[in-house]
Each structure stands twice: as C-alpha cells, then as structure tokens.
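The block underneath contains the structure these notes are about, expressed in structure tokens.
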Amino acid sequence: AAHCSLQAKRLLLDPKFEGYKLSLEPLACYQLELDAAVAEVKLRDDQYTLDHMRAFGMYNYLHLDSWYQDNVYYVDQFGRIMNLSVTLDTALQKPREVFRLPTDLTAYDNRLCASIHFSSSTWVTLSDGTGRLYLIKSGKRGNSTSEKWEIVFNEELGSPFTIAHSVSFVKSDTHSVAVLLLRVEKDELDTKGSGFHITLEWVTIAEISKEGDHRYEILKRRVLQGKSVPHYAAIEPSGDGLMIVSYKPFKFMEGEDNKSEENDDAEATKEKKDPLYYWQQTEDDVTITVHIPEDITKDDIKVRFSPDSVCVILKDQPPLMEGKLYSSVDHESCTWIIRESKSLEISLIKKNEGPRWPELIVGDTRGEFIMDSSQCSEISESLMHLTSEVMNPNPEKENPPCNAQELEECDAFLEDSASLCRFDGDTLKVTHVINLGSNQYLFSVVVDPKEMPCFCLRHDVDALLWQPHSDQPENMWEHIATFNALGYVQASKQDKKFMACAPDYSYAALCECLRRVFIYRQPTPLATVLYNRKEGRQVGQVAKQLVTTLEANDPILGFQATSERLFVLTTKTLFLIKVNSGN
C-alpha cells in the first residue's frame with residue numbers, strides 16, 4: 001500500500017486568528033412537538049463496551065437528506081418514517097409520514113435502532129434494526145406529490161446491523177446500489193480484549209433482467225473485520241473502493257484459497273527467521289560463519305575469492321553464497337577453515353581499512369550482522385550529543401526542545417494510531433494508507449451528495465475539512481475548509497455529543513447531551529471600527545461564538561446542520577435554529 005500524507009493548503013490557514021468572541025445576538029428557534037416519540041433503542045446489558053456506545057449509544061437519530069435542501073427524516077416508535085421539509089420557518093408544517101416499516105418492531109428483543117441512508121436523489125436504503133435490509137425507490141423527496149416510497153428489494157441479512165453508508169451507480173448499463181452494514185459481534189476467540197469484534201459488510205445489490213422481469217438481487221457480499229468501530233466508512237461513488245478511518249485496522253475476511261496463500265506467506269516468513277549466515281567486522285577484516293551439514297567434508301567445499309565477490313559451493317549444489325561484496329577485498333589474503341562445531345568460517349581482508357560495511361553481499365538479506373559490545377558502545381557515544389535524560393538540559397537556549405508545562409489536558413489524545421485506509425473493491429487489498437497520528441477525527445459532513453462525505457480532523461488547534469476524490473489519484477484528499485481553533489475549543493467541551501458544520505462552511509456547531517448548542521461562525525468583516533486596546537491596532541474581522549439553550553428536558557438524539565439552519569431532535573420535539581438568513 002502507498003503511504004500517503006494529507007497536504008494542508010496554507011492559504012486556508014489563518015495563523016493570526018485571535019479566537020471567538022461571545023455574541024449575544026438572539027437566534028430564532030422554532031420547535032415542533034412530535035405526534036409520537038422517536039424510536040430510540042437503549043443499550044442492553046450485554047452491550048457494555050465502548051464500541052457498542054460509539055456505534056449505537058451515540059447514534060444520530062436525525063437523518064439529513066443532502067440531495068434536497070433542508071429536508072430531514074426520523075423514525076418514530078410506531079415504525080413510521082417521518083419527514084420535515086422546510087421552506088419558510090414561519091410556516092412550518094407538522095412532520096408527515098412517508099413510509100411505514102412492515103415489521104412490528106416491538107416483537108424483537110435484540111434489535112438495534114432503525115437506520116436510513118439516501119443513496120441518490122431517488123433511492124433510499126433502510127434497515128429496521130432486526131437484520132432486514134430494504135432498498136426503496138422514493139421518487140423526488142421532500143415533496144408530498146412526487147414522493148412515494150416503494151420497496152424494490154428486501155431481504156434478511158443475518159444479525160442486526162445499522163447502515164453506515166450507501167451509493168447508487170450505473171455500471172455497464174446496470175443500476176446497482178452498494179451498502180455498508182455495521183455490526184458489533186461476539187468474538188469467542190478474543191479472551192484478552194473486549195470479547196467483541198466489528199464487522200463492515202459491503203453488499204452490492206444490482207438490477208437483474210430475467211425474461212422481461214426486472215428485479216433487484218444481491219450480486220456480492222464481502223466482509224471486513226476490525227477491533228474498533230470506524231469513525232468514518234464510505235463507499236466511492238463509482239462503487240470501486242472503500243475508505244475507512246479507524247483506530248484499529250480493518251481487513252477483508254477472505255475465502256479458503258486466500259487462506260492457503262496466507263499460510264504459504266507465514267511459512268516463508270518462518271524460513272526467513274533463520275539466517276543463512278552470520279557475519280562480523282572490524283576495521284581490517286570481515287568474518288563470515290556458515291553452518292554446514294555433518295556429512296560435508298573439506299573436499300566437498302569450494303570457496304572462490306575475487307577482488308569484489310565471493311562464492312561458496314557445497315557438494316555440487318547450487319551456490320550457498322554468491323554475489324558482489326559491498327567493498328573490495330585483498331582476495332589473495334582471504335582464507336577459510338572448518339571449525340569443530342561443524343561451521344565454515346571465512347575471513348575476508350578489507351582492501352580499504354576503516355569504513356564499516358552496512359551489508360556484506362549487495363542485496364542479500366539472508367545473513368545477519370552481529371555487533372560486538374565495544375562497537376555498540378562506540379556508536380552510542382557518537383550519538384550521545386543528540387539525546388538527553390533531562391527534558392530541557394539547556395534552558396538558556398532560545399528554542400527549548402520541549403516544555404511539558406505548555407501542554408494542557410485537551411492536548412492529550414486517547415487514540416494515537418488512527419489511520420485512513422483506502423481498499424480496492426476488486427483485489428480487496430489496501431491501496432493507500434495515511435497514519436493520522438495526532439490528527440484527531442472530529443466529524444463527517446456531506447458537502448456535495450455526488451461526492452464522498454468529507455471528514456474533519458484536528459490539526460494542531462484548528463479543525464480542517466477534507467474532501468476525498470477517489471477519481472483523482474494525485475489529489476485523493478483535498479483540504480477544502482478550515483474552522484479556526486475549533487480543534488482546541490471542542491476539546492474543552494466534555495459533555496459534547498454531536499458535531500456538525502454547514503455544507504457551505506459558514507459555521508460549525510456542537511451540542512451537549514442536554515439542551516446546550518454551541519455555534520462557531522467563520523470570521524466576518526465588521527460594520528463598525530473596533531480597536532484592540534492592548535496592542536493599539538484596528539481589528540478588521542471577528543469570529544463569533546453563539547450559545548443556545550433549548551427548552552427541553554429530554555436528551556438530544558439527533559443533530560444536523562444545513563447552510564441556513566440547525567435541526568436538533570429530542571425524544572418528543574424537533575427544534576429548528578435559524579443560524580444564517582437565506583440570501
């Protein structure tokens with residue numbers, strides 16, 4: 001796999017950002033009482049791990065339809081898919097029913113929450129949380145006259161799952177829908193960890209014509225397995241690949257053929273563990289030790305020396321060692337001898353005394369270099385000036401190497417080894433890897449529904465938004481926006497539950513488990529003159545922070561942002577916060 005890195009655009013960074021100013025401007029907040037409560041599914045006693053909490057306990061029950069403006073959906077306790085489409089805030093309609101799940105959800109004990117994903121402007125994938133997947137042709141959504149949900153495929157796919165992502169695409173005149181299903185499953189073999197593993201099942205459903213009858217059937221089912229719930233998992237718009245951001249790596253669970261290949265690889269690595277020969281060196285010479293079978297005598301051994309190569313042959317077999325030496329030797333002074341321990345010892349005299357050889361035979365990795373203790377101490381002494389046991393040994397220096405006192409609690413990351421991997425759909429292999437290190441994952445957002453979802457990562461104190469482009473190998477992840485200091489600000493919000501941003505990047509928002517919503521606007525020019533008294537200079541623009549407290553005692557279950565509004569869903573109420581006026 002190609003090891004890549006994310007290239008931030010310097011023009012989108014603001015090193016002189018001064019922070020957010022709390023604004024007291026009132027925000028219009030509208031609330032709609034729901035006819036029936038949201039179909040919240042609480043975690044059971046056997047769903048006790050952090051992965052269960054991340055996958056299902058922190059589930060966003062409000063679904064934003066990015067194909068249409070200000071169009072949201074949720075599922076209520078009667079199994080009804082309810083829709084709210086907003087055009088005018090002052091003339092809000094009640095949420096309307098667009099579809100009803102055929103199954104009686106109350107009859108299932110071990111179900112998960114129902115999940116929805118909008119694959120295209122007219123296709124929807126839907127799970128009822130019992131392990132059944134529905135593919136639905138919806139017509140143009142958000143409009144009661146054109147929106148009509150019709151099931152074209154439904155099938156039981158095993159244990160319960162939630163839908164992580166789905167795409168609709170046409171390949172060689174065949175319409176297909178690819179869906180990514182997320183499960184947390186019991187792992188009997190895992191005795192030291194949590195006892196569970198995570199699976200992502202990649203299902204491709206395609207239209208098949210048989211004798212004039214058009215129907216949708218499953219074309220492919222592939223399963224990836226990992227040990228942590230992915231922060232981000234999305235299928236490429238073409239259906240050719242998959243991108244996953246996760247703390248622990250995922251890999252495809254492959255068939256028997258691939259298992260035998262894996263066994264061959266394992267055997268090959270075992271063979272590699274035992275070196276063919278060992279070698280040591282001083283400033284003047286190189287000594288090679290080769291273990292030989294007991295039945296080999298002096299007459300069976302042929303050793304040929306030349307100024308820049310060596311060749312060792314045992315009993316008319318292919319050469320045991322052969323190749324170009326790293327540096328030239330005095331071939332007339334080179335010798336070999338058989339030791340009592342049934343080993344062949346070869347002595348090479350260096351032509352140029354002094355320099356160390358990094359390898360013996362160029363390109364040969366079958367040998368192992370053995371360093372004696374005096375050489376080890378010599379190397380460590382030569383590197384001593386680069387290291388220190390004290391954090392800051394020379395405090396008078398202008399730039400101290402590290403000052404631990406400057407680090408705050410919110411600079412610490414729980415997950416240091418998160419990575420972004422791109423999987424190829426045909427080979428099922430990882431093609432690109434990015435080690436995210438301390439670039440903490442924050443949230444994902446759909447900016448353009450025809451593209452993959454963007455993901456937001458913390459870079460130093462800022463939050464940077466990245467747009468994946470699966471069709472551009474040279475620019476596969478593009479930095480498209482920056483939310484100044486948001487990485488630092490969000491770390492201080494210990495009760496945060498959801499984060500989101502506007503698709504036009506005009507603001508970012510986060511909400512706590514109860515009531516409070518924080519909004520962070522991008523810096524905007526000021527209408528009046530403002531001076532920084534401390535530095536005596538005029539301030540050109542200000543970034544505003546706004547805080548809204550909802551009139552609700554129920555926990556927040558869903559949170560979505562559009563360019564103009566924030567939608568916040570609680571058990572019995574849907575709130576609309578007007579953030580930007582449409583222009």
Side-chain angles (χ1 to χ4, degrees), residues 34-44 46-47 52 54-65 71-84 95-120 122-139 141 147-168 177-186 198-205 215-218 221 223 229 233 235 557-558 560 569 571 574:
L34 308 182
D35 290 339
V38 176
E40 181 189 2
V41 179
K42 290 191 161 61
L43 293 180
R44 302 188 304 273
D46 60 344
Q47 296 175 318
H52 285 106
R54 278 189 173 155
F56 315 127
M58 299 283 281
Y59 188 76
N60 194 337
Y61 285 86
L62 190 62
H63 306 276
L64 178 68
D65 183 358
N71 197 35
V72 292
Y73 292 80
Y74 66 92
V75 184
D76 73 10
Q77 63 187 22
F78 299 124
R80 299 181 301 172
I81 313 290
M82 306 296 284
N83 162 247
L84 177 70
R96 63 189 180 89
E97 178 185 337
V98 292
F99 183 74
R100 192 179 288 238
L101 288 166
T103 42
D104 175 20
L105 300 182
T106 52
Y108 290 86
D109 293 335
N110 66 335
R111 73 183 184 91
L112 300 173
C113 44
S115 51
I116 307 169
H117 195 272
F118 303 98
S119 317
S120 76
T122 54
W123 288 92
V124 182
T125 49
L126 174 64
S127 155
D128 59 10
T130 68
R132 185 169 284 276
L133 177 69
Y134 297 88
L135 177 59
I136 288 167
K137 198 172 184 178
S138 64
R141 297 186 292 272
E147 184 166 6
K148 188 175 181 299
W149 288 36
E150 174 195 343
I151 300 173
V152 295
F153 168 90
N154 90 81
E155 201 167 305
E156 190 76 38
L157 295 179
S159 58
F161 56 82
T162 57
I163 297 173
H165 190 243
S166 68
V167 290
S168 165
V177 174
V179 198
L180 213 50
L181 315 177
L182 174 70
R183 295 182 177 97
V184 179
E185 296 180 331
K186 199 104 179 94
I198 318 307
T199 61
L200 278 171
E201 185 173 5
W202 182 359
V203 181
T204 307
I205 302 162
R215 50 198 292 231
Y216 282 82
E217 289 181 6
I218 291 178
R221 287 179 75 169
V223 177
V229 169
I235 304 167
L557 297 179
Q560 295 289 357
L569 180 71
T571 313
L574 179 58

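Computed over heavy atoms, backbone and side chain alike; hydrogens, waters and symmetry mates excluded.
- Here CG of L157 is found 10.0 Å from OG1 of T130. Values are rounded to the nearest 0.5 Å.
- Taking the six-membered ring where the residue is Trp, Y59 and Y61 present perpendicular rings, their angle passing 60° and hence far from 30°.
- Ionic pairing of R215 and E217 is present here: one or more N-O contacts between side-chain nitrogen and carboxylate oxygen are shorter than 4.0 angstrom.
- Here CD of E40 is found 11.0 Å from CD of Q77. Values are rounded to the nearest 0.5 Å.
- Put simply, the side chain of Q47 reaches to within 4.5 Å of the side chain of L112, judged on heavy atoms.
- When all heavy atoms of S159 and E185 are compared, the pair lying nearest together is OG-OE2, 3.3 Å.
- Counting only heavy atoms from C-beta outward, the side chains of L64 and F118 never approach each other to under 4.5 Å.
- Here the shortest heavy-atom pairing between S120 and S168 reads CB-CB, 3.8 Å.
- Remark: side-chain polar atoms of T125 are not paired, donor with acceptor, to backbone N or O of L135 under 3.5 angstrom.
- Using a distance-only test at 3.5 Å, with no hydrogens or angles considered, a donor-acceptor pair links the side chain of Q560 to the main chain of L62.
- Between the CZ atom of R100 and the CE atom of M82 there is a distance of 9.0 Å, given to the nearest 0.5 Å.
- Looking at heavy atoms from C-beta onward, L557 lies out of side-chain contact with Y74 at the 4.5 angstrom threshold.
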ask   = How far apart are the C-alpha atoms of R132 and N154, what are their side-chain angles, what is the distance that settles it, and do they pass the side chain to side chain donor-acceptor pair (under 3.5 Å) test?
value = CA-CA 7 Å; R132 185 169 284 276; N154 90 81; 2.4 Å; yes
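- By the neighbour-count criterion of 12 heavy atoms within 6.0 Å, atom NZ of K137 is sparsely surrounded, having that number or fewer from other residues, nucleotides or ligands.
- With a 4.5 Å cut-off on side-chain heavy atoms, T162 and S127 do not count as touching.
- Smallest separation of non-hydrogen atoms from D35 and R80: CB-NH2, 4.1 Å.
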ask   = How far apart are the C-alpha atoms of R44 and N110, what are their side-chain angles, what is the distance that settles it, and do they pass the side-chain contact (heavy atoms from CB on, under 4.5 Å) test?
value = CA-CA 8 Å; R44 302 188 304 273; N110 66 335; 3.9 Å; yes
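- For the pair Y73/V98, a side-chain contact is recorded, criterion being any heavy-atom separation below 4.5 Å from C-beta on.
- Looking at heavy atoms from C-beta onward, F161 lies out of side-chain contact with L182 at the 4.5 angstrom threshold.
- A donor-acceptor contact shorter than 3.5 Å links the side chain of H165 to the backbone of I235.
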task = Show your working on side-chain contact (heavy atoms from CB on, under 4.5 Å) between F56 and V184 and close with a plain yes or no.
result = CA-CA 9 Å; F56 315 127; V184 179; 3.8 Å; yes
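- Residues R141 and N83 form no side-chain contact, since every pair of their non-hydrogen atoms from C-beta on lies 4.5 Å or further apart.
- Of the possible polar contacts, one joining the S115 side chain to the I163 backbone as a donor-acceptor pair under 3.5 Å is found.
- A distance of 9.5 Å separates CD1 of I205 from CZ of R221, quoted to the nearest 0.5 Å.
- Rounded to the nearest 0.5 Å, atoms CD (E201) and CG (L133) are 9.5 Å apart.
- Between the side chains of S119 and S166, a donor-acceptor pair is found at a separation under 3.5 Å.
- A ring-centre distance under 6.0 Å is not found for W149 and Y134.
- Residue L34 forms a side chain to side chain contact (heavy atoms under 4.5 Å, CB included) with just one option from L569, L84, D76, and that option is L569.
- Counting heavy atoms from C-beta outward, L126 and L101 have side chains that approach closer than 4.5 Å.
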